[in-house]
Every structure is written in structure tokens, then in C-alpha cells.
J.: 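Below is a structure I'd like to ask you about.
What you see is a predicted model, and the numbers here were worked out from it, not measured in a lab. No hydrogens, no waters, no symmetry mates; every other heavy atom, side chains included, goes into these values. Chain letters run A, B, ... following the sequence lines, proteins first and then strands; every chain starts at 1.
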Number of protein chains: 2
Amino acid sequence: MQDTAASSQLNALKVACSACNLRELCLPVGLSDDEMSSLDNMVSTRRSVKRGESLFHSGDAFAALYAVRTGFFKTVVSATDGREQVTGFQMAGELIGLDGISNDRHSCDAVALEDSQVCLIPYGQLESLSREFTLLQHQFHKIMSREIVRDHGVMLLLGSMRAEERLAAFLLNLTQRLQARGFSASALVLRMTREEIGSYLGLKLETVSRTFSKFQDEGYLEVKQRDIRIIDQDALQRVVNGAGC
Amino acid sequence: MQDTAASSQLNALKVACSACNLRELCLPVGLSDDEMSSLDNMVSTRRSVKRGESLFHSGDAFAALYAVRTGFFKTVVSATDGREQVTGFQMAGELIGLDGISNDRHSCDAVALEDSQVCLIPYGQLESLSREFTLLQHQFHKIMSREIVRDHGVMLLLGSMRAEERLAAFLLNLTQRLQARGFSASALVLRMTREEIGSYLGLKLETVSRTFSKFQDEGYLEVKQRDIRIIDQDALQRVVNGAGC
DNA sequence: CGAGGCGTTGAGGAGGATCAACCTTCGTGG
DNA sequence: CCACGAAGGTTGATCCTCCTCAACGCCTCG
């Protein structure tokens with residue numbers, strides 16, 4: 001039934017947040033040595049998830065949050081009639097599973113788009129620890145709030161932008177996050193299909209493909225399947241700002 | 001500059017959560033007597049906001065959350081180019097302002113759609129108190145998580161539903177929340193304009209109006225401006241489930 | 001080397017946007 | 001208390017963006 005349990009391994013290796021190069025992007029931002037070592041105790045397990053596998057499914061019991069260590073995920077909500085919506089793409093340092101707190105069950109699927117590793121953050125322990133450490137508590141609240149603000153931004157995109165604006169905003173957001181992780185601001189490899197991008201942006205895959213081609217024709221991008229090179233970032237920014245009006 | 005400060009009054013009246021009829025819908029859900037009385041101390045101020053006025057604006061410093069006591073609000077995010085998106089409508093017992101935690105500034109406007117009263121929840125005190133009281137901490141986390149789940153539902157709506165499905169889902173959601181507050185499941189008065197509904201649903205006001213008319217023609221609703229009577233709730237539910245396909 | 005998944009491109013159609021006219025309701029001030 | 005104006009709501013005609021359906025090419029992986 002649960003393919004995740006079968007095929008993803010649990011690594012008992014000791015993993016220290018304090019030694020992780022993502023600590024400035026992840027939950028531990030700004031913690032003291034003391035707090036950091038408590039966090040190290042809590043975040044003791046990693047889990048590997050192969051491409052295509054799920055970290056959890058909608059309906060699964062909620063027990064832990066997951067911090068992406070390596071790899072790339074999407075989260076997907078499904079309606080009763082089978083309709084699906086990609087609600088986000090998560091990369092290194094980002095937290096997955098916050099949806100589960102609301103009623104102790106996950107309300108979306110989290111699927112690895114490439115072979116990935118996550119750090120397990122047992123939720124009960126996180127609550128205990130944040131009663132003890134003000135900074136950790138505050139940082140955790142910030143992360144939840146940031147997710148809410150991000151979601152509102154996506155609503156703005158879905159509710160009021162046209163196809164070109166949506167794709168441009170998406171690409172700029174991706175490159176910005178990649179840049180924060182030390183990658184190039186101009187060359188990126190998409191980990192998701194056109195259909196997944198379309199689902200996230202409220203467009204059909206053909207529209208995504210056509211819009212990529214259009215951006216290439218305009219000289220904004222170079223598109224080779226999933227390899228994207230951004231040639232004119234300012235032009236994309238102008239597209240987002242509704243320069244077409 | 002700040003019209004809110006000028007025209008909304010601060011009521012120093014002692015207001016007890018423990019005596020509030022919204023306590024089962026609001027932050028205090030499930031708290032013990034002890035915890036409840038600490039909450040009473042924290043939530044000591046109410047604020048009145050007249051119709052059309054803002055509780056806070058995007059960019060304002062964040063200091064407190066607000067629990068709607070009476071009335072009705074909308075929250076609106078704005079893009080740099082002036083585009084606006086209504087991200088939610090809040091009624092009695094619902095919390096406003098969670099967006100502000102992320103970076104100590106609000107990222108949306110909260111506007112009263114009728115004369116309203118809110119309870120002020122000073123955020124610093126809420127953090128202190130939730131370090132002390134496990135249940136309060138957990139309840140607060142649940143509320144944030146619920147907002148994230150709600151937002152994902154809106155994304156599904158905006159990304160994959162057609163106009164009729166969106167409006168039907170909207171109406172069912174409204175009546176459900178009103179019913180939880182003891183109101184009729186079939187008769188409701190809309191507190192917002194067609195344009196605000198449209199903004200929330202990613203539609204133009206004309207489309208909202210036409211869809212209302214269509215639902216009326218089909219015999220699902222009786223529409224008299226802002227007075228709505230739901231005649232066939234099941235039919236609306238079928239519309240949401242994509243019965244048109 | 002073949003099959004299947006993914007991506008591109010074209011043609012045609014539909015849903016919702018836009019523009020416009022008109023009606024209704026409500027608040028304000030004479 | 002009524003008249004007026006502004007804001008909100010309805011409806012129609014037309015247009016445009018994006019969806020749908022379809023064919024085909026490319027890349028990957030067994």
C-alpha cells in the first residue's frame with residue numbers, strides 16, 4: 001500500500017544541524033549554540049526519497065515536519081473529483097508538512113521530483129523545544145507565516161495574472177531561490193514537467209510550452225527542454241509588472 | 001495619514017474570553033480554566049472598526065493579531081503595479097494578521113466590510129503565554145496550519161475550477177461557516193460587493209453577476225442583490241464536483 | 001532498439017474579459 | 001422627508017486569451 005515505507009530508507013546516521021550548510025536557510029536561523037545542540041538532538045534522522053516517491057500522502061497521520069536537505073519536491077492537493085493542484089515546489093532548506101498540524105493528518109501529497117534527502121523534525125519534540133527556546137519558537141512561527149504570505153502571493157498570481165505574467169513570475173521566483181542557495185541566477189534545470197508547472201500556475205501544459213517558446217522568440221530565454229538560460233531578466237520582470245498593458 | 005487610528009476607538013472595557021460566546025470557535029478552544037484566565041489577561045483590549053476602514057495596512061508594523069468579535073472583514077494583497085487580490089473574508093471568531101509574523105510587517109490590508117469589533121492579541125504576549133501553556137501553543141499552531149490548508153484550497157479553486165464551480169464553492173463555504181455560528185444554512189446576506197467576490201474568485205464582477213443570475217435561473221438560488229436564499233444546496237454541491245463534465 | 005513519457009506546434013472553439021448601456025439601492029444634504 | 005448623485009448590480013454584444021484536440025518529434029531508459 002504505502003510505497004514510501006518500503007522503498008525509502010531511514011538513515012540512523014547522526015546529522016547535526018550545526019554542521020549543515022543549510023542552517024542559515026532552514027529552521028535553525030539565528031539560534032545560539034545551546035539551542036543548536038538541542039536541535040541537533042531532535043533532528044536525528046534523515047530519510048531518502050527516490051524520484052517519484054512520496055514523502056507522505058494526503059490522509060496520512062501527521063507526526064513530523066520535513067526539512068529538505070537535498071533534492072526537490074512538489075506538494076499536491078486533490079479534490080474529491082480527482083482534480084489536482086500543485087501548491088508548491090520545495091528545495092533545500094525548505095520545510096514540508098505544515099499542513100498536517102491543522103488536524104493531525106496531511107492534506108496534500110509531497111512527491112520527490114528527484115532523488116532527495118530530508119531531515120525529520122518530530123513535531124511533538126519541536127513543540128516542546130520551542131516552549132524552551134524563544135528564538136526557535138519565533139523562527140518556527142516566522143516560517144509558518146512566511147508560507148501564508150507565499151500562498152497569498154500565489155493567489156494574486158492565479159487570480160489576476162495572465163499566462164505570460166505567471167510564467168515570468170514563476171521563473172524569477174525559482175532563480176531567486178536558487179541564487180540564495182549559491183546557484184547561478186541565469187542557468188537553471190527545471191526539475192518538473194510542463195504539466196506540473198501548468199498545474200502550479202493554473203495553466204495547461206500546452207500553454208506553458210507555448211509561453212516558453214514565446215519567451216525564447218522574444219530573446220528573454222534560451223529553452224532546451226528542461227535546461228533554461230535566462231538572457232534578459234529585466235524583460236521578465238517587466239512582463240510580471242504588466243508591461244503588456 | 002492613518003485613518004484607522006483617528007476614527008476607530010479603543011475600548012478599555014474588560015473583555016473576558018472565558019465569557020465570550022465565540023470561545024469554541026476562536027483561539028481559546030479547549031483551554032483549561034487556568035489557561036483561560038491567563039488569556040483573559042492578555043486579550044484586554046477591543047477595537048472598533050467602521051465599515052470601510054482598515055484594521056491595518058500593508059507595510060504597517062506588526063504587533064498584534066486580531067480576533068473578529070463582530071462584523072466582517074476582507075484581506076487584500078496588492079502588487080506593485082496596483083493589481084489587487086482579495087485573499088480572504090473573515091467573520092466572527094477568525095484570526096486576522098498572521099501574515100505579519102513573517103517579517104514584522106503586515107503584507108496585506110485588512111478592511112472592515114461592516115462596522116466591526118476585534119479583540120487585540122498582543123503577539124509578544126501570545127508567544128510568552130504559549131511557552132507556558134501547551135494547549136494554547138498547539139491551538140495557535142493549528143490555527144496557522146488551518147490557514148495554510150485553506151489557502152491551498154483556494155489555490156485549487158483558482159487553478160482548476162471554472163466560474164460556476166468557483167462561485168458554488170464560495171457560497172457553500174460561506175454558508176458552512178455561518179451555520180457553525182448559528183445562522184441559517186439557507187439565507188445569507190453578502191457583506192461584500194460583486195467586485196470583491198470576483199477578486200477573491202479570480203473573476204470579473206460581470207461574470208460573478210451573470211453566474212448568480214444563472215444559478216437563479218436554474219433554481220439553485222434566489223438572488224436579490226445581496227440577499228441570497230439557497231434553494232438547492234445539493235445542486236450547488238454537484239456543480240462544485242464538476243457535474244458539468 | 002523500441003516504447004513510452006515528455007515537449008512542441010497547429011487549428012479550432014469556448015469561457016470569461018471587455019466595453020457599454022441601463023437599472024437599483026443607498027446615503028447625503030437641502 | 002424627499003431629491004439627487006454616486007456606488008453597486010444586471011444584461012447584452014463582441015473580442016481575446018487560453019483550452020481542447022490532434023499530430024508529430026525528441027529524449028530516456030529498459
J.: Rounded to the Å, how far apart are A:K214 NZ and D:dT17 C1'?
T.: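 Computing the A:K214:NZ to D:dT17:C1' distance gives 11 Å.
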J.: Which residue, A:R150, A:R69, A:K74, A:R181, forms the salt bridge (charged side-chain N to carboxylate O under 4.0 Å, His left out) with A:E94?
T.: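 Single pass found, and it is A:R181.
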J.: Side-chain contact, heavy-atom cut-off 4.5 Å: B:D109 with B:V77?
T.: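 Not in contact.
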J.: Output the rounded distance in Å from CD (B:Q216) to P (D:dT11).
T.: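 After rounding, the gap between these two atoms is 8 Å.
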J.: Rounding to an integer number of Å, can you tell me how far B:L113 CG sits from D:dA7 P?
T.: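 After rounding, the gap between these two atoms is 17 Å.
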J.: So, does B:E222 use its side chain to make a donor-acceptor pair with the main chain of B:R229 at under 3.5 Å?
T.: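 Not at all, since once roles are kept as given, no pair shorter than 3.5 Å links the two residues.
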J.: A:L98 and B:I148: which non-hydrogen atoms are nearest, and at how many Å?
T.: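 Looks like CB-CD1, 4.1 Å.
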J.: Counting heavy atoms not belonging to B:R226, are there more than 12 under 6.0 Å from its CZ?
T.: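 Atom CZ in B:R226 is crowded, with more than 12 foreign heavy atoms closer than 6.0 Å.
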J.: Whole-Å distance between D:dT17 C1' and A:L167 CG?
T.: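 Rounding to the nearest Å, CG of A:L167 and C1' of D:dT17 are 15 Å apart.
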J.: Is it true that, when you exclude B:E195 itself, more than 12 heavy atoms of the residues, nucleotides or ligands shown sit nearer than 6.0 Å to its CD?
T.: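 No, because the 6.0 Å sphere around CD of B:E195 holds 12 heavy atoms or fewer from other groups.
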J.: Tell me whether B:S160 contacts the main-chain N or O of B:L157 through its side chain, where contact means a donor paired with an acceptor under 3.5 Å.
T.: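 It does not hold such a pair.
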J.: For B:T87 and A:H152, indicate whether the former's side chain and the latter's backbone hold a donor-acceptor pair under 3.5 Å.
T.: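 Flag not set: sc B:T87 to bb A:H152 has no pair under 3.5 Å.
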J.: Under the 3.5 angstrom rule, does the side chain of A:Q85 hit a backbone N or O of A:S199 as a donor-acceptor pair?
T.: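 Yes: the side chain of A:Q85 pairs with the backbone of A:S199.
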J.: Given pairs defined as Watson-Crick or G-U wobble with both distances under 3.5 Å, what dot-bracket annotation applies to DNA chain D, with ( ) intrastrand, [ ] crossing, | other strand and . unpaired?
T.: ||||||||||||||||||||||||||||||
J.: Check every strand shown and say whether A:R210 touches a base, only sugar-phosphate, or nothing at a heavy-atom separation below 4.0 Å.
T.: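 Contact class for A:R210: base.
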J.: Return the value, rounded to whole Å, for the distance between atom CZ of A:R162 and atom P of C:dG16.
T.: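 About 17 Å, once rounded to whole Å.
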J.: Taking only N and O in the side chain of A:R226, is any of them less than 4.0 Å away from OP1 or OP2 of C:dC6?
T.: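 For A:R226, the contact criterion (side-chain N or O under 4.0 Å from OP1 or OP2 of C:dC6) is not met.
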J.: Hey, which sits more toward the 5' end of DNA chain D by its nearest nucleotide, A:R166 or B:K224?
T.: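 Its nucleotide being nearer the 5' end, the pick is B:K224.
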J.: Rounded off to whole Å, could you give me the CG-to-C1' distance for the B:L158 and C:dG16 pair?
T.: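 Computing the B:L158:CG to C:dG16:C1' distance gives 14 Å.
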J.: Using a distance-only test with no angle check, is there a side-chain donor-acceptor pair under 3.5 angstrom linking B:T75 and B:Q90?
T.: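 Yes, B:Q90 and B:T75 have a side-chain donor paired with an acceptor closer than 3.5 Å.
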J.: Quick one: B:L221 CG to D:dG9 C1', roughly how many Å, whole number?
T.: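 That distance rounds to 16 Å.
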J.: Would B:F73 and B:F89 count as a ring-ring contact (aromatic ring centres under 6.0 Å, His included) if you check the C-alpha gap in whole Å, the side-chain angles of each, and the deciding distance to 0.1 Å?
T.: CA-CA 6 Å; B:F73 287 83; B:F89 296 107; over 10 Å; no
J.: Would you mind building the protein contact string for nucleotides 25-30 of chain D? One character per nucleotide, 5' to 3', B for base within reach (heavy atoms under 4.0 Å), S for sugar-phosphate only, - for untouched.
T.: ------
J.: I'd like to know if the side chain of B:T211 and the backbone of B:E164 have a donor-acceptor N/O pair within less than 3.5 Å.
T.: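 Looks like no, no N/O pair under 3.5 Å.
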J.: Roughly, in whole Å, what's the span from CG in A:D217 to C1' in C:dT8?
T.: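 Whole-Å distance recorded here is 12 Å.
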J.: Return the residues of residues 197-209 of chain B meeting this criterion: a heavy atom under 4.0 Å from some atom of DNA chain C. Order them by number, or give none.
T.: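 Under 4.0 Å from DNA chain C: B:G202, B:L203, B:K204, B:E206, B:T207.
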J.: Hey, which of these two, B:E164 or A:T193, hits DNA chain C nearer its 5' end, going by closest nucleotide?
T.: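 Result of the comparison: A:T193.
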